[in-house]
Every structure is written in C-alpha cells, then in structure tokens.
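The analysis underlying the following values was restricted to heavy atoms, covering all of them including side chains, and did not include hydrogens, waters or symmetry mates.
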Amino acid sequence: MQIFVIANQKGGVGKTTTAMNLSAALAMTGLRVLAVDMDPQSNLSSGLGFTQQFDKHSWDTSNEAPYKNIYDVLIEDEPISSVFVTTSTKNLFLVPSHLSLAGAEIEMVNMLSRESLLKKALSKASDDFDCALIDCPPSLGLLTINALTAGDRILIPIQCEYFALEGIGQLIETTKLIKGINSKLSIGGVILTMYDSRTKLSENVVRDVKEFFKDTAFSTVVPRNVRLSEAPSYGKTIFEYDDKSTGALAYKKLAKEFIDKFKL
Ligand SMILES: Nc1ncnc2c1ncn2[C@@H]1O[C@H](COP(=O)(O)OP(=O)(O)OP(=O)(O)O)[C@@H](O)[C@H]1O
Ligand SMILES: [Mg+2]
C-alpha cells in the first residue's frame, strides 16, 4: 500500500477537496483506496457522505462520537479494520474523523512513540488496499506529523492565489525533519488548485510554482469550479454530483497522471 499525505498548513487550499475527489477518481479505476480523515473538522468524512447521517446532532457539542473513528485508532489502539467504512463509491473506503480528535494532540503528548501511532495502525491494513490518501488539518501539529511519519509521499495542494507559496518553506523543512524518523518520505507532487483562467494572477502563480518545483508539480491544474464546492454539502463526490463539470474532468485527469507517476 502506497501512502500519500495531503498536507499544507495553510488553510483552505483544497486539501480536502483533493483528498475526496482524487481518492474517488482512483477508486473508479478499480484501485482499492483508503481515505483517512486526520482533521478534527471532519470535512472529508462529511464530504464523502458519512457523517451526514449524524448531522442532526451537530449542535450537540459533547465529545462522545456516535461512531468509531480515527481518534479510537490513535488513542485507543482500535484496529483500522474495525473503524473503516464503505462509501457510495465502489472500492473507496473511509476512516472517519470526529471533533473529539481535536483533543488527541494533547493526549498524545505523553504517549510512547507518539509520532508513529498512525504508522503502526496503517501497517496492519497494508494488504487490504492499493493506496491510502490522508487528509491533514491546516497545521503542522502532531496529527500532521503522524501522517508524515506514516507516509511515503507528501502531496501539496497550492491555491492559485496571493501568498500561494507562503508557508511552503516551513512545510519542506518539516518534511526534512521527519525524514529522520521516516527516511522513505519524499515530496510526491504539488497540485495547483482553484485556477481562475480569467485572472492574470492564477497564470502567474502557475508559472512561479512550475518554475520552483519543476517536475514535482503535476501538469494537471484544477480549475476553480463552483460544482466542486457544492458537491460536499450533498455528501457526494464530484463524479456523483456532476460528472461532466470541469472539476470532475480535472480530477479524473489528475488521477491518470497520478497512476502513471507512482505506478499504481
Ligand atoms: N477547485 C475548486 N473550485 C472551487 N471551489 C473549491 C475548489 N477547491 C476547493 N474549493 C472550495 O474551497 C474551500 C476550501 O477547500 P478545502 O476544504 O478543500 O480546503 P482545505 O485545504 O481542506 O481547507 P482546511 O485547511 O480548512 O482543511 C471549500 O469551500 C471548497 O469547497
Ligand atoms: Mg480540509
């Protein structure tokens, strides 16, 4: 199982949208894909339709999750095999998250091998899937560090906007540090998101990023497409919501490039 970590500590750059739709596009080619939600916000879990069934309780801020989730895997040593769920996309499975994960970083601090908890859990599931995609929260805390310690490659979504490269240096430095405990970790690629063909700015960001990252940048660029932002509120992937949209086409193309690049 190849493990890909979708990370960028900058918020709102398209990590979850990419985790959701790239996972789905890969699964649609027949690969068995595990999507892992490492963000307490749980946007990936709701986007894939999972937590929607519990949403009527979203005003309930008690810390009790009504379902097993990644918190139980990290803190309670629950096996991944008893936590992951099926999704409406064939071959796509989800390890859901829950708001209670927000407390996990603090609880982990005193745990032994606190940065390797996810790695240990995923190693037991490696025969069941072709690849795993981990969606990280917008920070470089212990949750992201767990994902990087477990991962083979980091994927960095970059929004075609002002300050696009802000924080990227820090992310690369963190990746170098993690290599001390996970030597196989490398930068798998940079994914340019929310490209707006009407602005000169988007064009400039693409040029700068491709100049800086060279071949590490995927040639597929994800356009700004309102359908991509609508789909998660229905708990649907872009392919279930609007298969003909420019967003759907882009994520299918990205999946193809991805499969070639990583020989999946
Ligand atoms: N290509 C796109 N076109 C239009 N809207 C998009 C696109 N990609 C993402 N969005 C929207 O932008 C917002 C941020 O995207 P997303 O949640 O994927 O980012 P994120 O990096 O996961 O954010 P966070 O750091 O909060 O976890 C969301 O409302 C999403 O629907
Ligand atoms: Mg997100």
Side-chain angles (χ1 to χ4, degrees), residues 1-7 15-16 19-20 22-24 26-27 30-54 62-137 141-155 178 181-185 235 264:
M1 176 169 77
Q2 285 197 60
I3 303 175
F4 299 92
V5 182
I6 304 179
K15 291 182 288 295
T16 303
M20 191 169 138
L22 180 57
S23 294
L26 291 169
L31 291 165
R32 282 176 65 86
V33 183
L34 184 66
V36 182
D37 193 347
M38 278 291 268
D39 187 350
Q41 296 180 99
S42 313
N43 294 153
L44 179 63
S45 309
S46 54
L48 287 175
F50 178 70
T51 55
Q52 302 243 326
Q53 53 189 307
F54 304 101
S62 79
N63 248 2
E64 272 307 296
Y67 51 87
K68 280 189 187 164
N69 62 82
I70 188 73
Y71 175 91
D72 302 291
V73 171
L74 297 171
I75 307 293
E76 311 287 357
D77 213 13
E78 192 76 46
I80 292 262
S81 57
S82 70
V83 174
F84 75 74
V85 294
T86 56
T87 69
S88 51
T89 302
K90 198 174 166 234
N91 297 319
L92 176 58
F93 304 84
L94 166 75
V95 180
S97 179
H98 181 263
L99 195 59
S100 55
L101 185 64
E105 299 211 27
I106 294 167
E107 291 175 57
M108 273 184 218
V109 167
N110 291 316
M111 289 173 77
L112 209 61
S113 310
R114 56 179 181 248
E115 69 292 326
S116 314
L117 300 169
L118 182 64
K119 181 192 172 87
K120 191 172 129 220
L122 283 177
S123 67
K124 293 181 194 141
S126 63
D127 291 341
D128 301 333
F129 304 97
D130 296 301
C131 63
L133 271 70
I134 307 173
D135 185 28
C136 290
L142 261 178
L143 290 169
T144 299
I145 289 179
N146 258 272
L148 292 172
T149 304
D152 299 303
R153 298 173 199 276
I154 169 168
L155 303 173
I178 300 286
I181 40 176
N182 175 18
S183 57
K184 63 184 185 343
L185 183 69
L264 281 165

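A distance of 11.5 Å separates OG in Ser42 from CG in Leu48, rounded to the nearest 0.5 Å. Between the NZ atom of Lys68 and the CD atom of Glu76 there is a distance of 10.5 Å, given to the nearest 0.5 Å. Between the CD1 atom in Ile75 and the CG atom in Asn69 there is a gap of 10.5 Å [rounded to 0.5 Å]. Residue Ser23 holds its OG atom at 5.5 Å from CG of Leu92, rounded to the nearest 0.5 Å. Atom CD of Gln2 sits about 12.5 Å away from atom OG of Ser126, to the nearest 0.5 Å. The line from CE of Met108 to CD1 of Ile106 is 11.0 Å long, rounded to the nearest 0.5 Å.
Here the side chain of Glu115 pairs no donor or acceptor atom with the backbone of Ile145 at under 3.5 angstrom. For the pair Asp130 (side chain) and Val33 (backbone), a donor-acceptor distance under 3.5 Å is absent. Remark: the backbone N or O of Ser45 is paired with a side-chain donor or acceptor of Asp37 at under 3.5 angstrom. Between the Arg153 side chain and the Leu185 main chain, no donor and acceptor come within less than 3.5 Å of each other. Side chain of Tyr67 to main chain of Val83: no donor-acceptor pair is present (N/O by atom type, distance under 3.5 Å, no hydrogens or angles).
For an aromatic pair to be called close, the ring centres must be under 6.0 Å apart, and Phe50 with Phe84 fails this.
Of the N and O atoms on the side chains of Asn182 and Thr149, not one donor lies less than 3.5 Å from an acceptor on the other residue. In this structure, a donor-acceptor pair under 3.5 Å is present between the side chains of Thr16 and Asp135.
Tested against Cys136, the residues Val5, Ile6, Leu148, Leu143 include a single side-chain contact (heavy atoms from CB on, under 4.5 Å) partner, Val5.
By the 4.0 Å N-to-carboxylate-O rule, Lys15 lies too far from Asp39 to be salt-bridged with it. With respect to the salt-bridge test (charged N to carboxylate O, under 4.0 angstrom), the residues Asp152 and Lys184 qualify.
You'll find the side chain of Ile70 reaches within 4.5 Å of the side chain of Leu101, heavy atoms only. Contact of the Leu118 side chain with the Leu74 side chain is registered, since non-hydrogen atoms from C-beta on lie closer than 4.5 Å. Leu34 has its side chain out of reach of Cys131: every pair of non-hydrogen atoms, C-beta onward, lies at least 4.5 Å apart.
The two residues Ile3 and Ala150 come nearest to each other via the heavy atoms CD1-O, 3.4 Å. Between Ser100 and Tyr71, the shortest heavy-atom distance links the atoms O-CD1, 3.7 Å. Listed here is the closest heavy atom pair of Ile80 and Ala121: CG1-O, 3.6 Å.
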